[in-house]
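Beneath this line is the structure, given in structure tokens, with notes to follow.
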Amino acid sequence: MKVASIFSDNMVLKSDEPIKIWGKTEPLKIVKAIIGNNAGGTEADENGNFVITLAPMKAGFGHKLTVCTEDEVITYNNVGIGEVWFFSGQSNMEWSVAQSAGAEDALLKCRNEKLRLFKAPSETADEPLEFYPDNISWQESDIDTVKDFSAIAYYFGEELLKDMDVPVGVIMCCKGGSKICEWMSREAAEKSPWVEKDEFAAEHKSKLFNAMMAPIIPFNITGFCWYQGESNVAQTNHNQYIDDQPLFINDIREKWGKDFPFYYVQLHAGVNDTPFMKLACFKDAQSTTLRKVKNTAMAVAHDLGEPYNIHFSRKKDCAFRLAQIAKAKVYGMDVVYQGPCFKEWHTEGRTAYIKLANVDSQLIVSGMQITGLQLAADRDGHGHLKFIDCPGELIEADTIKAVYPESKTPVAVRYSFGNFPKWSVFNKEGFPLAPFRTDNEHYYKNRDGSEMAEIEVIQNISF
């Protein structure tokens, strides 16, 4: 008998929801599972596959799970029942605690038996795998297990445990340099209007899903956190991501059989030295998921970036923003979980008035005036709007004023829009004003030289 690789000593099973246990044994053999007084069983099918569903259990520590047949017994010890979060994406999600800011202090304090870590092997496969290698297992949080673990996943779990006394499990399933097509299942990739048009995607689609994600499904999780996109920034048409990220989300939810929360990180500033405005336009593409897919939220992270450094070091701050979303939206805690965002704007002559949403918390301007604002009233020789830096001031709790330097009426406004733009507005909890623009300009052409379709722009990214 072989039980799915996600089951091991020290694991965390999701509380208050049915517990699924699956694996493989001899065809038609009876398999039973027991946790305390919670027991269930089933008969394996003709191929030897079995799935046992146990009744929901309340959060707690120190359980033992036994899976057995008439002639074989497998026992898992130190099992927690609590919260389980899944973390996936590319290198910034993979970036370890040891590589991040504050590592020395974090590693000295990381011993915590309530926090359990699981790290999926970094592999590829042409077809979905049933099992991981046998040496994969859950581990309690300590210096040896944490140092090479995802910093965002670790700090997220640590943040949750500040406000709850239950086991927390975090699953790391990441691959540096990966594109979204590699994480999409074959079924999702076949629905994409873009995958077969892209040579890389056609060749590499689904390979990370098959090897790293498929063996975990349908292990019950509370929610899914995603930090991916750096490798997709340079693609010719960012409308591709507008289609593919929602396809990815809906597909993994269908495969898990659960509409779990999906929280993702908008790419930080300075992700790479891309030409024109590719990074800025890509972040627009990421934002559109908020209104295309229910139960999603986006952590804004442009202010965490470092010039021309794809791997910023402030991973704890990024994890805090994701965890605050979870605290508010999953656990019902009364916390601030997002910064201000654009609501609307109007002009009076050459003066622009920009009204913000999500300003329940006091706004703070870094510096003497608001930087990062740009206004446009003219077009350049290529027909594109010509934006000029226009410092602003906070004239009301939710209103910014900026004046165009010439006697012309602005037709568009932007804030913190660019590959490495300026930024200056936060709420008192440290959440930044989200980048925005009111235009839908694009700055590059398709590979065949034709003009690219205008990218869909989302203006109010509250969630």
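Quick note: residue numbers are just sequence positions, from 1.
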- Item | Under 3.5 Å: donor-acceptor pair, side chain of Y154, backbone of L117 | no
- Task: Applying side-chain contact (heavy atoms from CB on, under 4.5 Å) between D148 and each of Q99, M172, K119, report the one that passes.
- Result: K119
- Task: Would you indicate whether K20, at its atom NZ, is surrounded by more than 12 heavy atoms from other residues, nucleotides or ligands within a distance under 6.0 Å?
- Result: no
- Query: Any Lys/Arg nitrogen of K255 or D251 sitting under 4.0 Å from an Asp/Glu carboxylate oxygen of the other?
  - Reply: yes
- Query: Is the closest side-chain donor-acceptor distance between S206 and E182 under 3.5 Å?
  - Reply: no
- Task: Tell me whether the guanidinium CZ or amine NZ of K329 lies under 6.0 angstrom from the six-membered ring centre of Y331 and within 45° of its axis.
- Result: no
- Query: Using the benzene-type ring in the case of Trp, are the ring centres of F224 and F86 under 6.0 Å apart?
  - Reply: yes
- Task: Decide if atom CD of E46 counts as having more than 12 heavy atoms of other residues, nucleotides or ligands within a radius under 6.0 Å.
- Result: no
- Message: Per the side-chain hydrogen bond (donor to acceptor under 3.5 Å, both in side chains) rule, what does the pair list look like for residues 161-175, sequence neighbours excluded?
- Response: K114-D165, S122-K175, E159-K162, D163-K327
- Task: Tell me, yes or no, whether the heavy-atom count around K294 atom NZ, taken from other residues, nucleotides or ligands under 6.0 Å, exceeds 12.
- Result: no
- Task: Could you verify whether a donor N or O on one side chain and an acceptor N or O on the other, from E127 and N210, lie under 3.5 Å apart?
- Result: no
- Query: Do the side-chain N and O atoms of Q228 and Y241 include a donor-acceptor pair separated by under 3.5 angstrom?
  - Reply: yes
- Task: Give a yes or no answer on whether the side chain of W95 reaches the backbone of A151 with a donor-acceptor pair at less than 3.5 Å.
- Result: no
- Message: Apply side-chain hydrogen bond (donor to acceptor under 3.5 Å, both in side chains) to residues Q338 and N358 and explain how you reach the verdict.
- Response: CA-CA 8 Å; Q338 61 181 329; N358 304 335; 3.2 Å; yes
- Item | Student check: side-chain heavy atoms of R111 and E140 closer than 4.5 Å | yes
- Message: Check whether W194 forms a cation-pi arrangement with K197 (NZ or CZ under 6.0 Å from the six-membered ring centre, at most 45° off the ring normal).
- Response: yes
- Message: Before you tell me yes or no, could you show the steps for N78 and D9 under side-chain hydrogen bond (donor to acceptor under 3.5 Å, both in side chains), namely the whole-Å CA-CA distance, both residues' side-chain angles and the distance that decides it to 0.1 Å?
- Response: CA-CA 6 Å; N78 194 31; D9 292 345; over 6 Å; no
